[in-house]
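First up is the structure itself, then whatever we jot down about it.
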Number of protein chains: 4
Amino acid sequence: MEIFESDAYQAVLEAVEKAEGRMAPKKRLAVLAALDCFAEYGYDGTSTKLIAERAGIAEATIFRHFPSKRDLLLRIAAPVVRHILTPAASREATELARQHAGEPRLILREVMLSRLHFMRVYEPLVKIVLQEILVNQDLRAIFEREVGGLFQQIAPIVAMFGPKTDLDRERFFRILGGLLLGYHLQRTLVSPDHGWSDEEEVDFMVGLIFDGLNATT
Amino acid sequence: MEIFESDAYQAVLEAVEKAEGRMAPKKRLAVLAALDCFAEYGYDGTSTKLIAERAGIAEATIFRHFPSKRDLLLRIAAPVVRHILTPAASREATELARQHAGEPRLILREVMLSRLHFMRVYEPLVKIVLQEILVNQDLRAIFEREVGGLFQQIAPIVAMFGPKTDLDRERFFRILGGLLLGYHLQRTLVSPDHGWSDEEEVDFMVGLIFDGLNATT
Amino acid sequence: MEIFESDAYQAVLEAVEKAEGRMAPKKRLAVLAALDCFAEYGYDGTSTKLIAERAGIAEATIFRHFPSKRDLLLRIAAPVVRHILTPAASREATELARQHAGEPRLILREVMLSRLHFMRVYEPLVKIVLQEILVNQDLRAIFEREVGGLFQQIAPIVAMFGPKTDLDRERFFRILGGLLLGYHLQRTLVSPDHGWSDEEEVDFMVGLIFDGLNATT
Amino acid sequence: MEIFESDAYQAVLEAVEKAEGRMAPKKRLAVLAALDCFAEYGYDGTSTKLIAERAGIAEATIFRHFPSKRDLLLRIAAPVVRHILTPAASREATELARQHAGEPRLILREVMLSRLHFMRVYEPLVKIVLQEILVNQDLRAIFEREVGGLFQQIAPIVAMFGPKTDLDRERFFRILGGLLLGYHLQRTLVSPDHGWSDEEEVDFMVGLIFDGLNATT
DNA sequence: CATGAATGAGCTTTCATTCAT
DNA sequence: GATGAATGAAAGCTCATTCAT
């Protein structure tokens, strides 16, 4: 199943394995195939039969390892949303803030680059989460809780960039998310062949955030 | 069926009717119910039986008017993506550019407000499109074509805001989209009960775009 | 609808009209389209929607003229089976027997040729009857009654060819039917492009019937 | 399910099993019930629900073993048309030709008797094939290919009966088919209660073929 | 005479899931 | 741990037919 050997898939696999413990080989295949199918056809557009076929295992094997299809989705998405996004991001930001104290531009640049790297690495999963979060209550709950936590943790750092009130910090957070999401969608969905340079785009976005458009272009 | 009398639903209905011609009463009900269900449960999460029940019509009636469920989705989503997004937006922008020549901030403000108004009015449809565009090839094709056309039409106006190269104009476009999408998701999904003021948020975003964060907060 | 202008279709139309009286134009179209579809897809394989489309009329119009689909089939097939097959065939045979008294070979030849001509002319209907008679009780009843009547009427003529007992006459009848059916299927279904000469084939079959294979080839 | 224990059904079952491999018990039931229903109501007149009920299994079980209803028909009909009709018939004819060299009447008699026995044993299937072959392209293709092959194989034996040219051999083939089909339909459909003796009828037909009617009756 | 709109009943097929082996 | 077999429920869709206009 060499289709599953890309970095993105291996990264998700590792993240899932951190929560599930060492997985049986066919369980791994199930996870990878599910990831692949969910990203391609969406959760509802993917049948367990399809997952089984793509994994080269029996349909019943999926249910030996996951009590339900819904659970399979959550057990794939949650660890990434939870263990990777949050602590990693905040730990990283804190570390960066320590290293580059007084150089907010640099901090922001590094954070954005690392978040984009993360989104690239977990690309199929990002797509799944985007898709399902609009509709799936469980996933939304997990997401909101984690993002809320993250917000708490890095609020002091955000403060370094100017925002003083809570509302302003939320805005800043939202703007960062919007810019990153917009770029990620463009580079992966709209113009995947454009030859994007993350550094260049991040520099542009950082410039925008700090100095606005006029100073940038 | 007073549930369907909100502005959002009526707006979509009108847009659909522009493409379908005058619709039979039960066809209208089918469109409205479909819209309602798709927005609530997603495309795949909605059964034609559910649509029929919510519309108070027979399931077969849906298929008398639309050859398939997939077609029903496209025939609802496409007119809005097509006839409303594109020409309206560009005509409006041109008009604004004429009125407020030399005041780019004002132009941008008005365009953003009107786009946000549009997203609010067509909220259920925006959600559907967001969901399906990641997975549905047909819808993606329609979307990309229309956005491409829109980009062509308003490129000269975008140029007024500073960007000189095509890439810069694309970036500007993407950033605008990212910011608007981020705000729309926050006001509708994340914190729907926070009493958002579109004017205030747009002013903030316009400030950011022109002067950057430091000058804004 | 020039597809319907072949001799076969017009012949059936005439036969049906003899039973139905002068038909409204759209009723004629319905009959022709039904004939065409039934012959192509079989009775069950043909939907009233398809008939309506092929006829270029509304589905409801079919039911204005025929109380049910089943009835439509019978009202097309019965007149041909009834009024054409039987009296024509026996009248013709009697006439031939009178003209060619003492020349059984000539009589048989003419009867076979005329039956083959008939099958050619009513080709689509022959196919429908063949198909449905195995399964449709009503049609089988009509067919058996008519064939029974025909058998009674021409028994004396059959006697001229040798068979003395009733069983032998039935056998003769069956053999004639089998040979004609076999040839008809071959010329229309199996090798429609072979350029068959009915005269030649009939001569062969007459030879076989009277003198056997050895004397023939 | 003692209804399925007749020789005819068991014979078809064996033939199907030769192509499908050893079948699961419920798969066998599905095949038998399908055979039964198809023969009684025709292909289109049979619903998968009816098959399931008659087999005493769940409807879904049918689709676990056969991808579609159409496929179920072909997977039942094809093996019989293919593996039974062709090689058996030709092997048998060759063998007979060896044993009864110089006695063409005897050979023909045995071949016809065995073919009639075959049609009797596979009676339900013969009916289905007759019905569907007029309308179903796939089945027609299989049939034509097999009959073509059979024709090639036994052409030398046919030559023993007199026909010299290819056309004459085809005619002989067609006549044999017509006679057999005519008798089979009479004994099963038209007068199933007349105590037919295959031997007697075959003798009659052989007589006809070799010496013609006059010498026979 | 003709039809557009509507439908209840039914169709084939797919679904996620269970269970004996 | 893994699977082939099985299934109840529900899916999307088609059917022949009715009726108001």
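Protein chains get the first letters and strands the later ones, always in sequence-line order, with residue 1 at the start of each. These values consider heavy atoms only, across backbone and side chains, with no hydrogens, waters or symmetry-generated copies.
For DNA chain F, the contact window with chain C, defined by any atom under 4.0 Å from a protein heavy atom, covers F:dC15 to F:dC19 in 5' to 3' order.
Scanning all heavy atoms of the two residues, the minimum distance from C:Cys37 to C:Thr46 falls at O-OG1, 3.1 Å. Between A:Arg54 and A:Glu40, the closest heavy-atom pair is NH1-OE1, 3.0 Å. For D:Ala78 against D:Ile142, the heavy-atom pair with the smallest separation is CB-CD1, 3.7 Å. Taking both residues in full, the closest heavy atoms of B:Pro79 and B:Leu74 are given as CD-O, 3.8 Å, listed atom of the first, atom of the second, then distance. Considering every non-hydrogen atom in both D:Phe38 and D:Lys69, the closest pair reads CE2-CE, 4.2 Å. Scanning both residues, C:Ala30 and C:Ile57, for their nearest heavy atoms gives CB-CD1, 3.9 Å.
No more than 12 heavy atoms of other residues, nucleotides or ligands lie within 6.0 Å of CZ in D:Phe143, so this atom counts as exposed by the packing criterion. Other residues, nucleotides and ligands contribute only 12 or fewer heavy atoms inside 6.0 Å of the CD atom of D:Glu14.
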### Task
List the steps and the verdict of side chain to side chain contact (heavy atoms under 4.5 Å, CB included) for A:His65 and A:Val31.
CA-CA 10 Å; A:His65 295 292; A:Val31 166; over 6 Å; no
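For the segment residues 37-52 of chain A, the set of residues with a heavy atom within less than 4.0 Å of an atom of DNA chain E comprises A:Thr46, A:Ser47, A:Thr48, in numerical order. Within residues 60-72 of chain D, the residues that have a heavy atom under 4.0 Å from DNA chain E are, in order of number, D:Ala60, D:Phe63, D:Ser68, D:Lys69.
In this structure a side-chain-to-backbone donor-acceptor pair under 3.5 Å is missing from C:Tyr122 to C:Val81. In terms of modelled atom types and a separation under 3.5 Å, the side chain of B:Tyr41 and the main chain of B:Ser47 share no donor-acceptor contact.
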### Query
Where does DNA chain F pair, written as one dot-bracket string 5' to 3', with Watson-Crick or G-U pairs under 3.5 Å, ( ) inside the strand, [ ] for crossing pairs and | for another strand?
.||||||||||||||||||||
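Per the geometry, CD belonging to D:Glu59 stands 13 Å off P belonging to E:dG10, to the nearest Å.
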Counting only pairs under 3.5 Å, give me each side-chain donor-acceptor contact of residues 124-132 of chain A, with atom names and distances, residues two or more places apart or in other chains.
| residue | atom | partner | partner atom | Å |
| --- | --- | --- | --- | --- |
| A:Lys127 | NZ | A:Ala39 | O | 2.8 |
| A:Lys127 | NZ | B:Leu134 | O | 3.2 |
| A:Gln131 | NE2 | B:Gln131 | O | 2.7 |

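The side chain to side chain donor-acceptor pair (under 3.5 Å) test applied to D:Lys27 returns D:Glu20, not counting sequence neighbours.
Within the 4.0 Å cut-off from OP1 or OP2 of E:dT3, at least one side-chain nitrogen or oxygen of C:Lys26 is found.
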